[in-house]
Amino acid sequence: MACVGAKDWLGRAMGLGGAVSFARFAPDAADAASLARLAPLRESAIHALGLTPFDEQLAAVAALLAGHAVELDTGEGKTLVGALAAAAQALGGRRVHVLSVNDYLAQRDAEWMGPLFERLGVSVAWVGQRTARDERRAAYRAQVVYAPVSEVGYDVLRDRFAQDAADRVAPEFDVAIVDEADAVMIDEAMSPLVLAGASDDEGADLAAATALADHLEPGTHYEVDADHATVSLTDAGLDALEARLGGVNLYAAEHAPLLTRINLALHARVLVVRDVDYIVDDGVVRLVDTGRGRVAHLQRWPDGLHAAVEAAEGVSATEPGVVLDQLTVQDLLRQYRTLSGMSGTMVAVAADLAEFYELRTGRIEPHRPRIRVDEPDRVFATSDERRPALIAEVRARHERGQPVLVGTQSVAESEELGDALRAQGLDVQVLNAKNDAHEAEVIARAGEFGAVTISTQLSGRGTDIRLGGADEHDHERVAVAGGLAVLASGRFPSNRLDAQLRGRAGRQGDPGASLAFVSLDDDLVQAHAPAHLLAKIARRGATLTPRERRRIVDSCQRIAEGVRLDRHRSTWAYHRATAHQREAVLRHREEMLTSTDAALDVVRERRPAEVEALETQAGRDAVAATARGIVLHFLDERWQDHLGMLAEVRDGIHLQALAGRNPADEFHRIALREFEGVVDGAFADAADVVSRLGPDDVGRDLADLGLRRPSATWTYMMSDNPLGSPGDRLARGLGRQMRQRVYRIE
Ligand code: ADP
Ligand code: MG
């Protein structure tokens, strides 16, 4: 796709001359009616909010209305852009979801933009984690709903289990405007949102396995592979374990579960790192979202690993549960009739957005030219050399009164750096996964004169950093000191994440600076550099020129980005088969749920004699209602079994690659074959149960008939971050072992 003169049509349409430029892809069809709606909207914003939308903002609104992805720098006012676009759509009779990354932003934006909607007579509501079911149902009736994308997904999953159509909260998939869209649509796209139910699994005895693993010595008893993704027992390790267990053969079938547990314990101990991959907070293991540097609330690893980490930390185990259904963010978003998104870093993922969402991406230049100074990276041979240089830079800028924001790669690093700076007498705010409650407030103050703030990546994304404090009382003095300086303690696995951090400085034409301190022993380089580069670093590390070093880092980052895209593609290929099947099951379910006779017909067709006899005895309507419950029960149960089976197949599918077959093709073949029996099997099971009912059974609870549904349900996001840590990678590898545990639904 080439640029097709968007500058011209948008410029003309908006009377902007050359202010708007679409850098790569261009919207090529203007919706004239939408554009005409914008003039009165501008007036409403002035009166209701005291903000006069800039032409650039209106151009962004037009692009959103046309269903595009828009890049607009941090601080350019995307909240207003999203609200204006939402209002325009609502006035045109559409239902709109403005999707954010967390509860805080959903609430903030709905409340901040509330007066605008009120003035226009558009109803608005917001939904967060703690919104009760009835309130959700009411919120989704509003014309514009602000919500975290995960909450909408959980509502879809919960609705899907309704036994009665009236119980559903029923979000509508008409228009979606996604904020921080690259994070949501690309980075989190493949993280499954999971609905789980209680199970009566006893919980594997991981404590004993953990104790056994504690005796193993690295190098002798186990080996860790080069990219720190897997750990394996050596023969000596196995011998030592067998001896300790009194001479058993760990490879005997009866000991397979124990060997699995020992492996899990070893993985938890060796590969998953406290304060990098997770933190322990109040006796609870909480995952750190490596993409955002904050606690990933309501996320967990696949069960066995999660439990093994809990055992290693000696905290009490949380309940694993059984997966009832799951949905990826990408599947969810693709359900909207009109999808659009905005962020400060979209153009870099334009090709991905086209591939996965059929979206076009464009960039709108900032209202005031950017004057931030982005200095070239400083690349050190080792992190030992980097640390003092970074500290010296923070001090030097701080002494001039320039506010400094340091972005670090991990919680541990942020604390180390904070301690080091405090030891030198600096007053430092450290913002990381351990204290994200006040993150918005801390971030908002990061632009005060002389402030030093250390933050893990992207904490507070969505919060504006104004020079001279939130009310800008001291703007001049800070501007003279050079504005906000953003220092990165390394490069992230994608250029986009670097740009997000950098974008905190120099908002709306403010002065500012950015600079990254990188080292050749960083994970990014060590895990991604091809062998010849690693050899070059080992041979000439200290004598490489600054330019050579920067080129090494750049190419490693490009490799990391390629790896992420490959993973997205292959994960999507796997999920697509399941997504189609899920739709098919849901169509049947919908029919059973909403039609009075569909379920009765299904069982009568299969067992005419018995069912008709029962109808005569118990009455047709009563039998129909009971049949409905039973058919729904088996549809759900068969689907859960199918999902569990597919997860196992997928985790083991790399073995097919060893056998010379294309794993994705093989997966599809198996998925199709296994799906054959799902719906028919559910119908047959249901007919079987109904045929054995006596008249007294009709109208009884399903549980009394021996059909148990999950007693409690809860939701979480499976940590499957494409930019994830070794912990994430190994979790995927281990999935199969853990899912072999058999659950029974309570
Ligand atoms: P973004 O999401 O693009 O980073 P925000 O929506 O958080 O930006 O807005 C950044 C700041 O710009 C806010 O303080 C907001 O009040 C201000 N702002 C937005 N639009 C305008 C406008 N048209 N005129 C003046 N200030 C604006
Ligand atoms: Mg924003």
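First listed ligand is number 1; within each ligand, the first listed atom is number 1.
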- Message: Check Arg370 with Asp510, please: is the shortest side-chain N to carboxylate O separation under 4.0 Å?
- Response: no
- Between the candidates Lys78, Arg504, Met113, which shows the shortest non-hydrogen contact distance to atom 3 (O) of ligand 1? Lys78
- Query: Can you list the ligand 1 atoms lying under 4.0 Å from a non-hydrogen atom of Pro53?
  - Reply: 23 (N)
- Task: Please determine if Arg466 has a nitrogen or oxygen closer than 3.5 Å to a nitrogen or oxygen of ligand 1.
- Result: yes
- Message: Which residues pass the side-chain contact (heavy atoms from CB on, under 4.5 Å) test with Leu565, not counting sequence neighbours?
- Response: Asp352, Phe356, Arg569
- Query: Which of the numbered atoms in ligand 1 are below 4.0 angstrom from a heavy atom of Gly77?
  - Reply: 1 (P), 3 (O), 5 (P), 6 (O), 8 (O), 9 (O), 19 (C)
- Query: Between Glu561 and Arg496, is the closest basic N to carboxylate O distance under 4.0 Å?
  - Reply: no
- Looking only at distance, does Leu51 have an N or O less than 3.5 Å from an N or O of ligand 1? no
- Message: Taking 4.0 angstrom as the limit and counting only heavy atoms of Gln57, give me the atoms of ligand 1 inside it, by number and element.
- Response: 19 (C), 20 (N), 21 (C), 22 (C), 23 (N)
- Residues forming a side-chain contact (heavy atoms from CB on, under 4.5 Å) with Asp554, sequence neighbours excluded: Arg491, Arg558
- Query: Quick one: does His367 get within less than 4.0 Å of ligand 1, heavy atoms only?
  - Reply: no
- Query: In terms of side-chain geometry, is the basic nitrogen of Glu180 or Lys78 positioned less than 4.0 Å from the acidic oxygen of its partner?
  - Reply: no
- Message: In this structure, is the centre-to-centre distance between the rings of Tyr336 and His97 below 6.0 Å?
- Response: yes
- ligand 1 and Leu80, any nitrogen or oxygen pair closer than 3.5 angstrom? no
- Query: So between Asp109, Leu105, Thr79, whose heavy atom ends up nearest atom 5 (P) of ligand 1?
  - Reply: Thr79
- Using a strict 4.0 Å cut-off to heavy atoms of Thr74, name the atoms of ligand 1 that fall inside it. 4 (O)
- Item | Proximity to ligand 1 by part of Asp73, non-hydrogen separation under 4.0 Å | backbone
- Message: What I'd like to find out is whether the side chain of Leu99 reaches to under 4.5 Å of the side chain of Asp179, using heavy atoms alone.
- Response: no
- Note on the structure: Of all heavy-atom pairs linking Leu41 and Ala87, the shortest is CD2-CB, 4.2 Å
- Item | side-chain hydrogen bond (donor to acceptor under 3.5 Å, both in side chains) partner of Asp73, chosen from Arg507, Arg363, Gln508 | Arg363
- Within 4.0 Å of some non-hydrogen atom of Thr52, the atoms of ligand 1 are 22 (C), 23 (N), 24 (N)
- Any N or O on Arg108 sitting closer than 3.5 Å to an N or O of ligand 1? no
- For ligand 1, is any non-hydrogen atom under 4.0 Å from Asp464's backbone (N, CA, C, O), its side chain (CB onward), both, or neither? side chain
